[in-house]
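Right, one structure below, let's go through it.
We number each residue from 1, following the sequence as shown. Reckoned from all heavy atoms, side chains included, excluding hydrogens, waters and symmetry mates.
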Amino acid sequence: MSLTSEEVNFLVYRYLLESGFIHSAFAFGHESLITKSSIDGSKVIPGALISFIQKGLQFVEVETHVNEDGTETICDGTFSAIEPHKCNIKSKRRIFDPYAADSFEDNIFGSQEASSDEVMYLRGHSNIVCSCSWHPNQPVLASGSGDATVRIWRTSKLSRGNDEHVDKKAKTEDKLVVINIPAKKQEDSSQPSDSMVVSLKWNSSGSFLATGTYDGKVHTWTANGQRAQVLDRHRAPISAIKWSPSDDRVLTASFDKSVILWNASTGAVENTFAYHQGAITDIDWKDETTFAMCSIDRTISVCSTKSTSTPEAKLEGHAADINMIKWIGSSNLASCSDDSTIKIWNAKTKSCVQDFTQHTREVCAIDWANSGQLARFIYRTVFPGSISIA
């Protein structure tokens with residue numbers, strides 16, 4: 001970024017004109033030779049000088065109050081372009097760090113941190129890890145990556161049922177299978193690979209794994225890595241994959257604003273659902289014939305597999321992108337959003353019955369515990385090429 005004296009003089013000249021100081025502007029323009037400048041005044045936005053000064057003050061305020069230890073000083077002192085700032089400190093608060101490797105903090109729920117002895121590192125991917133899915137019956141984890149591979153890892157030393165410590169020195173040999181996604185030659189290295197695995201999901205028996213890639217293709221695989229079906233209809237990255245409760249059908253959601261219902265055995269399209277104005281971010285089955293989808297258009301649709309004309313219900317109330325939805329019981333649906341809230345909906349009455357507003361940042365994932373309690377998550381960024389299991 002560069003800022004020349006000519007540009008500064010022009011902004012001052014424009015400010016004088018916009019403020020009605022015509023004579024001052026005339027004198028300043030001739031003395032600073034702005035009248036001979038090559039700057040195209042039609043491309044300079046009105047009020048540009050004041051806008052830049054205000055943004056500069058905002059930057060100085062952030063620079064003054066954000067500390068190296070990740071805290072922010074809460075101060076009610078004013079900032080001025082003339083007088084030096086005097087801090088009137090009220091308190092300090094921890095700022096959530098999305099790039100923290102081992103911990104995160106939410107202002108309401110506090111800090112959670114795993115010690116190095118409680119973490120297993122599975123190494124082998126050569127690019128960012130985009131998605132993971134636990135096998136339903138075995139200590140096996142499938143991971144999808146930007147390196148166009150799916151790795152199926154055996155984590156037999158990891159116990160998810162208790163607090164037993166795990167071996168943090170797990171080796172690459174612990175993986176069972178490496179699946180290579182068919183990839184085209186990438187001409188533009190700055191763009192994500194078409195074969196980046198952005199979503200994956202085991203079926204309920206663990207006999208098949210479905211993977212979705214950046215180019216909109218879905219593949220189904222046997223547990224030993226043999227390709228079963230190629231589901232090719234979407235025209236944008238796959239955002240979510242869900243098997244039906246019977247495993248007979250597969251739902252896929254995409255950034256192309258559609259959800260497609262596939263026959264898992266034949267790979268045939270049974271129905272296409274397009275009810276939203278923005279990308280679909282998640283889908284979830286309620287039962288064999290009913291599911292829900294959510295979108296960045298801030299709405300949720302409750303749908304029947306038997307009809308594509310209109311959704312059975314439309315749920316509205318979030319103020320930002322909806323990231324995830326999760327059914328519990330016959331009518332209750334939970335959703336989380338970038339508006340920092342979690343909502344519980346009654347699909348029958350089409351109303352929000354409970355609203356959780358305690359979070360201070362975007363809520364990226366939710367899940368129901370066996371007891372019916374709701375677990376809420378703020379995602380951490382995972383280091384490229386590795387998976388952390390805590």
Side-chain angles (χ1 to χ4, degrees), residues 1-21 24-25 28 32 34 37 39 41 43-116 128 296 298 318-321 323 336-342 355-365 376-384 388 390:
M1 184 183 74
S2 64
L3 184 64
T4 66
S5 59
E6 181 184 24
E7 291 170 336
V8 173
N9 288 339
F10 189 87
L11 292 176
V12 172
Y13 172 72
R14 280 289 297 270
Y15 166 76
L16 292 173
L17 283 177
E18 292 167 353
S19 301
F21 303 119
S24 299
F28 181 79
S32 62
I34 284 300
S37 171
I39 296 176
K43 296 181 179 180
V44 180
I45 61 174
L49 180 63
I50 299 301
S51 175
F52 289 143
I53 292 175
Q54 288 174 336
K55 291 177 181 178
L57 285 174
Q58 290 175 340
F59 176 82
V60 172
E61 183 177 7
V62 171
E63 187 180 45
T64 302
H65 290 150
V66 176
N67 309 305
E68 292 184 359
D69 61 358
T71 60
E72 179 185 12
T73 301
I74 307 302
C75 161
D76 61 3
T78 59
F79 269 84
S80 168
I82 306 300
E83 299 177 358
H85 173 67
K86 293 182 180 180
C87 258
N88 184 18
I89 299 175
K90 296 296 184 181
S91 62
K92 287 188 177 183
R93 68 174 182 177
R94 176 74 60 182
I95 300 175
F96 174 72
D97 180 5
Y99 298 101
D102 298 315
S103 67
F104 67 86
E105 182 164 321
D106 182 275
N107 290 346
I108 300 298
F109 299 99
S111 176
Q112 300 182 25
E113 185 171 348
S115 69
S116 58
I128 186 172
I296 64 171
R298 308 177 182 181
H318 279 294
D321 299 4
N323 296 315
C336 64
S337 167
D338 281 353
D339 65 9
S340 306
T341 69
I342 300 167
D355 202 353
F356 297 95
T357 60
Q358 296 96 328
H359 280 296
T360 57
R361 295 295 301 259
E362 301 89 343
V363 185
C364 300
R376 325 96 181 266
F377 303 97
I378 298 178
Y379 270 160
R380 299 176 291 175
T381 296
V382 179
F383 285 120
S388 295

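In this structure a side-chain-to-backbone donor-acceptor pair under 3.5 Å is missing from Thr341 to Phe356. Side chain of Glu6 to main chain of Ser37: no donor-acceptor pair is present (N/O by atom type, distance under 3.5 Å, no hydrogens or angles).
By the 4.5 Å heavy-atom criterion applied to side chains, His359 and Ile342 are counted as neighbours. Under the 4.5 Å side-chain criterion, counting only non-hydrogen atoms from C-beta, Val363 is not in contact with Asn323.
Between Cys364 and Cys336, the closest heavy-atom pair is C-SG, 3.8 Å. Taking both residues in full, the closest heavy atoms of Asn9 and Phe28 are given as O-CE2, 3.2 Å, listed atom of the first, atom of the second, then distance.
In this view, Glu7 satisfies the salt bridge (Lys or Arg N to Asp or Glu O under 4.0 Å) rule with no residue, not counting sequence neighbours. Every residue two or more places apart in sequence or in another chain was checked for a side-chain hydrogen bond (donor to acceptor under 3.5 Å, both in side chains) with Ser51, and none qualifies. Under the side-chain hydrogen bond (donor to acceptor under 3.5 Å, both in side chains) criterion, Ser32 pairs with no residue, sequence neighbours left out. By the side-chain hydrogen bond (donor to acceptor under 3.5 Å, both in side chains) test, Asp321 is found to be paired with no residue, residues two or more places apart in sequence or in another chain being considered. Legend: residues meeting side-chain hydrogen bond (donor to acceptor under 3.5 Å, both in side chains) with Arg298, ordered by chain and number and at least two apart, are absent. Looking at residues two or more places apart in sequence or on another chain, you find a side-chain contact (heavy atoms from CB on, under 4.5 Å) between Ala48 and Leu11, Val44, Ile45, Phe52.
Taking CD1 from Ile34 and OH from Tyr13, the interatomic distance works out to 8.5 Å, rounded to the nearest 0.5 Å. Between the OG atom in Ser337 and the CD atom in Glu362 there is a gap of 9.0 Å [rounded to 0.5 Å]. Here Ser24 contributes atom OG and Leu17 contributes atom CG; the two are 10.0 Å apart, rounded to the nearest 0.5 Å.
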